[in-house]
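Notes follow once the structure below has been shown.
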Amino acid sequence: MIPFLDLKAQYASIKSEVDAAVLSVLGSAQYVLGEEVAAFEREFADYCTTDQAVAVNTGTSALHLALLALGIGPGDEVVTVPFTFVATAAAVCYAGARPVFVDVDPLTLTMDARQLEAAITERTRAIMPVHLYGQMADMDAIMAIARRHDLPVIEDACQAHGAEYFGRRAGSIGDIGCFSFYPGKNLGACGEGGIAVTNDEALAAKMRMLRDWGQEQRYHHVVRGFNYRMDGIQGAILRVKLRYLEDWTEARRTHARRYSALLAGSPTVKLPREAAGRRHVYHIYAVRSPDRERLRHALQAEGIQSGLHYPIPVHLQKAYADLGHRAGDFPVSEAAAQEVLSLPLYPEMTAAQVERVAATLEMEAYAG
Ligand SMILES: *Cc1c(COP(=O)(O)O)cnc(C)c1O
């Protein structure tokens, strides 16, 4: 059996350090925020090459606070993509604003900058590209359009810890970058977690206040805030794991290269593309095939798990029906949703496992 990811293997590889970190927080009784979270904020900001980081309880909260810190609310529009995890659009709605979608580019499946300008209206207040699967969106093109329209950019970097765009780290190019530490992400907590990074001290200060009940000082609530604080235990665990992230990312990239080399000649499987100047961190390695379901079953028959990221684009989700979209509105996203198939990929995977997955796919591809 080859799992889609193996969090037990990761824990086993760093167990003594993680256990010690947890025990130290238990002893310190700094269970919410505290020194470990503050140290993690500094270390993660360094990792992203930003000045500030504000740790929160989920990636969705980071997106929500980023929007609020930028003053976005009811009546406002935020331009984003429909081919993403639902949280991207949900955060816009939490802020009371309306998500306006731009289709994705067929090669990278990230925001198609060529279509961005047409989605901007007099109500647009921000642009929120998603660094899908661990590959950054075309940030130069997006930033140029954003600056021309005087709009802030929030990077949804929830899948892209350590990804780069011409040498610049995910989260460091837009006004605010948001990351998730959901256990399955490239850097995962042992529970929920998220963070917002920025070079803007004022935005960071607003987000710090908003995550902790809008207090300026204890029990002096100057804005209506939230309980979005990160747990001390998660901060301590994330500090340990952050030290391994570069090694894990390189392992992911090695496995991805091996998949791509092994599947290169395949008649029915299209491979993910790393665009020029990008460091793809392969949160997800998704191939594309019109025969996706058949391939998925063939893998399953061999005990190989796979995933679908994502089978329904947000604009066609029932929960977002009130946005008034229908099939055909975003054809690239819709085609991708029908064809993508995510293969097992995690740092602890072996070359032999990668080869077995690729061989199983190849056999099925030729059989069809
Ligand atoms: C995981 C994810 C989120 C949300 O993060 P949570 O920590 O689960 O709230 C947002 N956007 C994208 C693209 C994600 O993959």
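Sequence positions, counted from 1, serve as the residue numbers for this chain. Note that ligands are numbered from 1 as they come in the structure, with each ligand's atoms numbered from 1 the same way. Values below: all heavy atoms of this structure, side chains included; hydrogens, waters and symmetry mates excluded.
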For [Y], is there an ion pair with [X] - N to carboxylate O distance below 4.0 angstrom?
X	Y	result
Asp6	Lys8	no
Asp247	Arg253	no
Arg278	Glu164	no
Glu246	Lys241	no

Candidates Glu17, Glu41, Glu43, Gln234 - the one meeting side chain to side chain donor-acceptor pair (under 3.5 Å) with Arg239
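Single side chain to side chain donor-acceptor pair (under 3.5 Å) partner of Arg239 among Glu17, Glu41, Glu43, Gln234: Glu43.
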
Close-contact set for ligand 1 against Ala87 heavy atoms, below 4.0 Å
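Within the 4.0 Å cut-off of Ala87, ligand 1 contributes 3 (C), 4 (C), 10 (C).
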
Only heavy atoms of Thr58, strictly under 4.0 Å: list the atoms of ligand 1 that pass.
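Numbered from 1, ligand 1 contributes 7 (O), 9 (O).
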
Taking distance alone, with N or O pairs closer than 3.5 Å, would you say [X] contacts ligand 1?
X	result
Thr60	yes
Gly59	yes
Lys185	yes

Out of Ser180, Ala160, Ala91, indicate the one that has the non-hydrogen atom closest to atom 7 (O) of ligand 1.
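The nearest heavy atom belongs to Ser180.
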
Nearest candidate to atom 15 (O) of ligand 1, where distance is taken over non-hydrogen atoms, out of His131, Met128, Gln159
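Shortest heavy-atom distance from atom 15 (O) of ligand 1: Gln159.
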
Just by modelled atom types, is the Tyr219 backbone N or O under 3.5 Å from a matching donor or acceptor in the Gln215 side chain?
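Side chain of Gln215 to backbone of Tyr219, a donor-acceptor pair under 3.5 Å: yes, one is there.
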
Hey, is Asp156 touching ligand 1 through its side chain, its backbone, both or neither, going by heavy atoms under 4.0 Å?
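Under 4.0 Å from ligand 1, Asp156 contributes side-chain atoms alone.
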
Which one holds for Thr84 and ligand 1: side chain close, backbone close, both close, or neither close, with close meaning a heavy atom under 4.0 Å?
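It is the side chain that gets close, since no backbone atom is under 4.0 Å.
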
Heavy-atom distance under 4.5 Å between the side chains of Ser61 and Leu63, does that happen here?
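They are not in side-chain contact.
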
